[in-house]
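Okay, structure first, notes after.
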Amino acid sequence: MSNGKLRLGVNIDHVATLRNARGSAWPDPLRAALLAEAAGADGITAHLREDRRHIRDADMVALKAGIGIPLNFECAATDEMAKIVLQTRPHAVCLVPERREERTTEGGLDVAGDLPRLTEYLKPLRDAGCRVSMFIGHDPRQIEASAKMGAAVVELHTGHYSDLHAEGRDAEAEAELEALRRGAAMADQLGLEVHAGHGLTFENVAPVAAIPQVMELNIGHFLIGEAVFMGLGRAIEEMRRRMDAARAG
Ligand code: PXP
């Protein structure tokens, strides 16, 4: 189940951040998603946060209706979100921890510590045909718990690796990468599809893309930022090129 074509999911949350900064109707996240699709994205990811700070309910409806590639609906495991997911019926749901005061999704889900509730939470989503993913760290306990609860996918949080890489702490970044490699191999062994994401850039993507069990990378903030300089289509094409090159070895 490993070493297939590596998919790129483009997270368009921060197109909505920019729109909301002025309370206008632009830039339009759906337009960005369609452009991403044309540039070779394999999926679109959007995170409907409890506080609606970027993506809003109407964006999810428009994305589901408008794009021709899979929609990955990121959300916290709350009753409110389950209702919206069941109305939207996206291809995939990625469950993430959420704290109002955080700037972004800072850590992974504690699946092991919330196993009975999450096992029940997943069932109607799975019955509705959604592939459910757990956004977790590389801790073996969390990987095991994700397999036990019946998740189809785990997305490994690459934020810590990305931070260490950006700070030039190379030995620590390499140790973190090694832990991600071990986590990916373990998840694959347990029958989970492996995704990864958070904080990935042109400079740090290659070693993560080279992990053979990783089937999908979800990348947002860097690509939307880079779009200011080189355009969204070109930024996505360049990310694809680097991912494919790393994968080819
Ligand atoms: N994957 C998950 C589960 C996330 O929560 C995020 C951030 O919303 C990403 C990937 C993308 O991270 P970034 O925007 O740093 O590329």
Side-chain angles (χ1 to χ4, degrees), residues 6-18 20 29 32-33 36 41-56 59-60 63 70-78 81 85 90-100 102-111 130-138 142 146 151-166 180 183-184 187 192-206 208-209 214-228 232 235-236 238-240 242-243:
L6 181 59
R7 297 192 301 268
L8 171 59
V10 174
N11 180 317
I12 44 93
D13 290 351
H14 296 299
V15 177
T17 302
L18 209 53
N20 298 355
D42 300 292
I44 298 297
T45 296
H47 182 177
L48 187 65
R49 295 187 75 105
E50 182 201 10
D51 63 8
R52 310 302 198 267
R53 70 174 70 159
H54 37 57
I55 292 294
R56 297 173 179 153
D59 293 321
M60 282 299 191
L63 287 167
L71 173 64
N72 178 27
F73 189 129
E74 247 185 62
C75 61
T78 62
M81 289 298 152
V85 165
H91 166 81
V93 179
C94 182
L95 298 179
V96 301
E98 213 175 273
R99 287 187 297 119
R100 234 165 218 274
E102 70 187 359
R103 265 191 295 182
T104 181
T105 313
E106 285 166 2
L109 261 184
D110 181 12
V111 183
C130 303
R131 280 178 73 70
V132 181
S133 168
M134 299 287 129
F135 188 48
I136 57 172
H138 47 62
Q142 302 299 348
S146 301
V153 181
V154 284
E155 180 163 331
L156 298 180
H157 197 315
T158 53
H160 187 45
Y161 155 70
S162 300
D163 290 345
L164 292 167
H165 186 278
L180 287 165
L192 292 156
E193 183 173 311
V194 185
H195 299 176
H198 213 281
L200 296 175
T201 68
F202 289 157
E203 298 306 318
N204 68 21
V205 75
V208 179
V214 172
M215 302 297 290
E216 178 175 310
L217 299 182
N218 283 302
I219 309 181
H221 185 255
F222 175 80
L223 287 174
I224 304 306
E226 205 58 21
V228 172
L232 184 57
I236 290 169
E238 176 61 15
M239 188 60 84
R240 252 266 66 100
R242 289 178 186 241
M243 285 164 53

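Along the sequence shown, the residues carry numbers beginning at 1. Each ligand, and each atom within it, is numbered from 1 in the order the structure gives.
- At distances below 3.5 Å, at least one donor-acceptor pair connects side-chain atoms of Q142 with backbone N or O atoms of V111.
- Side-chain contact, R52 with N20: no donor N or O sits under 3.5 Å from an acceptor N or O.
- Between F222 and F202, the ring planes are perpendicular. Angles over 60° get that label, and only those under 30° would be called parallel.
- Proximity to I219 (heavy-atom distance under 4.0 Å) selects the following atoms of ligand 1: 16 (O).
- Interface of G220 with ligand 1, defined as ligand atoms under 4.0 Å from a residue heavy atom, comprises 13 (P), 14 (O), 16 (O).
- Residue G199 has at least one heavy-atom neighbour below 4.0 Å for each of these atoms of ligand 1: 12 (O), 13 (P), 15 (O), 16 (O).
- Close approach to N11 involves these atoms of ligand 1, each under 4.0 Å from a residue heavy atom: 8 (O).
- Contact annotation for H14 and ligand 1: no heavy atom of the residue comes within less than 4.0 Å of the ligand.
- Remark: among candidates H198, H221, E155, the nearest residue to atom 1 (N) of ligand 1 is E155, based on non-hydrogen atoms.
- Screening N11, I12, D13 for a side chain to side chain contact (heavy atoms under 4.5 Å, CB included) involving H54 leaves a single residue, D13.
- Distance check: M81 CE to H47 NE2 gives 7.5 Å after rounding to the nearest 0.5 Å.
- Taking CZ of R240 as the start and CG of L6 as the end, the distance is 6.5 Å to the nearest 0.5 Å.
- Contact between F135 and ligand 1 is present, with at least one heavy atom of the residue lying under 4.0 Å from the ligand.
- Taken to the nearest 0.5 Å, the CG atom of L232 stands 10.5 Å off from the CD atom of E226.
- Interface atoms of ligand 1 facing E74, defined by a heavy-atom separation under 4.0 Å, are 1 (N), 2 (C), 3 (C), 4 (C), 5 (O), 6 (C), 8 (O).
- Atoms of ligand 1 lying under 4.0 Å from at least one heavy atom of V96, given by number and element, are 3 (C).
- Polar contact check, N218 against ligand 1: no nitrogen or oxygen pair lies under 3.5 Å apart.
- Considering only heavy atoms from C-beta on, L200 comes within 4.5 Å of S162 through its side chain.
- The residue H157 has no part lying near ligand 1, judged by heavy-atom distances below 4.0 Å.
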